[in-house]
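A quick write-up on the structure given underneath.
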Amino acid sequence: MSVYGSDNPVNCFPSTHVLTSYFIMRAFNSDRGIRRPLKIAVSTMAILIIASTVLLKQHVILDAVGAILVVEALHRIADRVTAAVRGKAGVRQSRRRLPVGSVQAYKRAKAPIAE
């Protein structure tokens, strides 16, 4: 009970607890290589952390909503940047000129680009 008396529910906007919890949950859930039980465990922990920051009155609901909106915006920006970078890499590969009759150059051109 001493926490309520000494700490006001206006710590930070957006809540960094919510921001990091939701960010990790979003990352785990968008990765197809992670197994479902681990996704469920991470999501459960993230939801509990998000709920506790608001229910223990360390943050107001607007702090949590703001953090979720920041993560969603960053996720969309990262997706667009990643798509643009991958698109440019594909253009560079297709414009590569090969010496006529070079088997090694042909094999290199057909090999996947390491990312």
Side-chain angles (χ1 to χ4, degrees):
M1 287 302 207
S2 65
V3 172
Y4 293 126
S6 65
D7 198 11
N8 293 327
V10 289
N11 285 329
C12 179
F13 178 83
S15 168
T16 54
H17 286 93
V18 174
L19 188 114
T20 54
S21 298
Y22 187 75
F23 183 77
I24 291 169
M25 182 178 77
R26 184 81 159 89
F28 269 69
N29 288 330
S30 65
D31 189 343
R32 293 182 181 153
I34 297 176
R35 295 184 182 180
R36 191 167 188 212
L38 186 57
K39 288 181 180 184
I40 291 171
V42 168
S43 295
T44 301
M45 289 302 296
I47 290 168
L48 289 173
I49 291 169
I50 292 167
S52 70
T53 58
V54 176
L55 295 176
L56 293 176
K57 299 186 180 180
Q58 295 301 301
H59 288 279
V60 294
I61 192 75
L62 188 59
D63 295 339
V65 171
I68 290 170
L69 291 175
V70 167
V71 171
E72 287 297 322
L74 290 174
H75 190 71
R76 289 175 193 256
I77 291 168
D79 282 346
R80 288 184 180 171
V81 169
T82 302
V85 168
R86 287 185 179 165
K88 288 180 182 177
V91 169
R92 275 187 265 144
Q93 181 183 12
S94 66
R95 291 184 182 174
R96 208 181 322 172
R97 296 184 187 242
L98 303 174
V100 177
S102 173
V103 175
Q104 288 82 11
Y106 178 76
K107 287 181 181 178
R108 272 191 306 242
K110 290 294 183 182
I113 295 176
E115 293 183 354

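Starting from 1, each residue takes its place in the sequence as its number.
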Checklist entry - Can you hop from Val42 to Met45 via hydrophobic side chains spaced under 4.5 Å? => result no
Checklist outcome for this item: Here the pair of heavy atoms bringing Ser21 nearest to Ala46 is O-CB, 3.5 Å
Checklist entry - Do the side chains of Val70 and Pro14 get nearer than 4.5 Å, heavy atoms only? => result yes
Checklist entry - Any chain of hydrophobic side-chain contacts (each under 4.5 Å) joining Ile68 to Phe23? => result yes
Residues 47-55, side-chain donor-acceptor partners within the protein, below 3.5 Å, at least two apart:
{"residue": "Ser52", "atom": "OG", "partner": "Leu48", "partner atom": "O", "Å": "3.2"}
{"residue": "Ser52", "atom": "OG", "partner": "Ile49", "partner atom": "O", "Å": "2.9"}
{"residue": "Thr53", "atom": "OG1", "partner": "Ile50", "partner atom": "O", "Å": "2.7"}

Next on the checklist: Starting from Phe13, can I reach Leu69 by hopping between I/L/V/M/F/W/Y residues whose side chains sit under 4.5 Å apart?
Outcome noted: no
Next on the checklist: Do Asp63 and Val18 have side chains that approach each other closer than 4.5 Å (heavy atoms only, starting at C-beta)?
Outcome noted: no
Checklist entry - With a 4.5 Å limit on heavy-atom distance, are the side chains of Glu72 and Arg26 in contact? => result yes
Checklist entry - Is a donor on one side and an acceptor on the other found under 3.5 Å between the side chain of Lys39 and the backbone of Ser30? => result no
Checklist entry - Does Phe28 reach the side chain of Met25, with side-chain heavy atoms less than 4.5 Å apart? => result no
